[in-house]
K.L.:
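So that we are looking at the same thing, I have put the structure below in structure tokens.
Just so it is clear, the structure is predicted and the values come from calculations on it, not from any experiment.
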Number of protein chains: 2
Amino acid sequence: MSIPLPGTQVRGSKTGKPIMALLDLLGRTWALGILWHLNSGPATFRELQQRCEQISPTLLNTRLKELRQLQIIEVQVAGYQLSQQGAELFEIIAPLGAWSSLWADQISQVKNNKQEG
Amino acid sequence: MSIPLPGTQVRGSKTGKPIMALLDLLGRTWALGILWHLNSGPATFRELQQRCEQISPTLLNTRLKELRQLQIIEVQVAGYQLSQQGAELFEIIAPLGAWSSLWADQISQVKNNKQEG
DNA sequence: CATCATGCTACATTATATGTAGCAATATTT
DNA sequence: AAATATTGCTACATATAATGTAGCATGATG
């Protein structure tokens with residue numbers, strides 16, 4: 001898959017708008033997950049693999065290349081880590097954690113009500 | 001693809017944590033895009049297709065089913081629209097718009113510097 | 001110099017996405 | 001009321017992406 005560089009045509013969108021490039025990038029398997037799991041600190045390739053529940057090395061490497069080229073993550077002695085921009089991006093999506101818990105409660109409630117009624 | 005119901009095993013993750021279900025869901029092609037484009041108001045199937053740059057009906061329908069089952073969007077007389085929960089989810093990701101613009105600027109700067117040097 | 005860990009690549013298999021055609025149902029026009 | 005148009009979608013063939021396992025090259029360690 002080609003890198004969703006803002007300003008260029010990306011998967012599913014022809015407009016070149018930055019938001020579309022970003023949504024393409026984040027819409028790829030495990031992209032959000034890698035971001036999420038990198039927030040807990042730098043990690044080597046194999047450790048990141050573990051954090052991401054044994055994601056296949058093929059996919060991990062593909063996503064890492066994309067995220068590096070787009071300057072969301074970077075490599076330092078400590079291993080892969082969020083770049084400054086990546087950290088800012090994480091701050092935006094951080095509330096998804098809390099939201100997802102409420103959402104899970106909500107869905108199970110509805111399920112249970114349906115079972116009861 | 002099976003529906004990433006929080007509490008169950010989802011694509012790429014075995015833990016069942018709500019956040020992993022959510023990241024799986026949002027990580028599917030056009031899921032974020034549909035959310036994004038629904039924020040501008042309810043839409044019929046064909047109008048939503050247009051907003052999403054002629055996304056194929058097959059994929060649109062697949063995503064809509066998932067998002068409905070997970071109570072992020074709902075269908076009313078006006079067509080498809082964000083549910084209450086969906087609107088809250090949108091509020092979380094809304095800042096991605098501004099972030100992506102800064103990001104695009106940043107990336108093009110670096111590109112230009114490389115060309116110059 | 002043997003052993004082990006790391007960061008990957010190769011490759012075959014399976015799962016997803018894309019794109020076009022078109023159908024059934026309802027709404028609209030003539 | 002017959003013809004036409006629009007809508008919401010399904011079917012299906014093709015193309016693209018993800019998964020999973022094996023293992024190689026490199027550098028560190030005993």
K.L.:
If you walk 5' to 3' along DNA chain D, what is the first nucleotide with an atom under 4.0 Å of a heavy atom in chain B, and what is the last?
P.N.:
dT7(D) to dT19(D)
K.L.:
Could you state the atom-to-atom distance from CG of Leu64(A) to C1' of dC8(C) in whole Å?
P.N.:
11 Å
K.L.:
Can you confirm whether Ile107(B) sits close enough to Gln69(A) that some side-chain heavy atom of one is under 4.5 Å from a side-chain heavy atom of the other?
P.N.:
no
K.L.:
Applying the 4.5 Å side-chain criterion to the ILVMFWY set and letting contacts propagate, would Val75(B) and Leu60(B) be lumped into a single cluster?
P.N.:
yes
K.L.:
Could you state the CE-C1' distance from Met1(B) to dT18(C), rounded to the nearest angstrom?
P.N.:
14 Å
K.L.:
In whole angstrom, give the distance that lies between atom CZ of Arg28(A) and atom C1' of dA15(C).
P.N.:
17 Å
K.L.:
Taking the side chain as every heavy atom from C-beta outward, state whether Met20(B) and Asp24(B) have any pair of such atoms under 4.5 Å apart.
P.N.:
no
K.L.:
Taking only side-chain nitrogens and oxygens of Arg63(B), does any of them come within less than 4.0 Å of OP1 or OP2 of dA17(C)?
P.N.:
yes
K.L.:
Between the main-chain N or O of Ile93(B) and the side-chain N or O of Trp36(B), is there a donor-acceptor pair closer than 3.5 Å?
P.N.:
no
K.L.:
In whole angstroms, how far is the C1' atom of dG19(C) from the CH2 atom of Trp30(B)?
P.N.:
15 Å
K.L.:
Would you say that Leu22(B) contacts Pro6(B) through its side chain, given a criterion of any heavy-atom pair below 4.5 Å between the two side chains?
P.N.:
no
K.L.:
Using side-chain heavy atoms (C-beta onward) and a distance below 4.5 Å, is Gln49(A) in contact with Pro57(A)?
P.N.:
yes
K.L.:
Under 4.5 Å between any side-chain heavy atoms of Trp103(A) and Glu88(B), yes or no?
P.N.:
no
K.L.:
Please check this pair: side chain of Arg11(B) against backbone of Pro4(B), looking for a donor-acceptor N/O pair closer than 3.5 Å.
P.N.:
no
K.L.:
Whole Å only: how far is the CD1 atom of Ile73(A) from the C1' atom of dG7(C)?
P.N.:
14 Å
K.L.:
Please list residues of residues 45-61 of chain B whose heavy atoms come under 4.0 Å from any atom in DNA chain D, ordered by number; otherwise none.
P.N.:
Phe45(B), Arg46(B), Pro57(B), Thr58(B), Asn61(B)
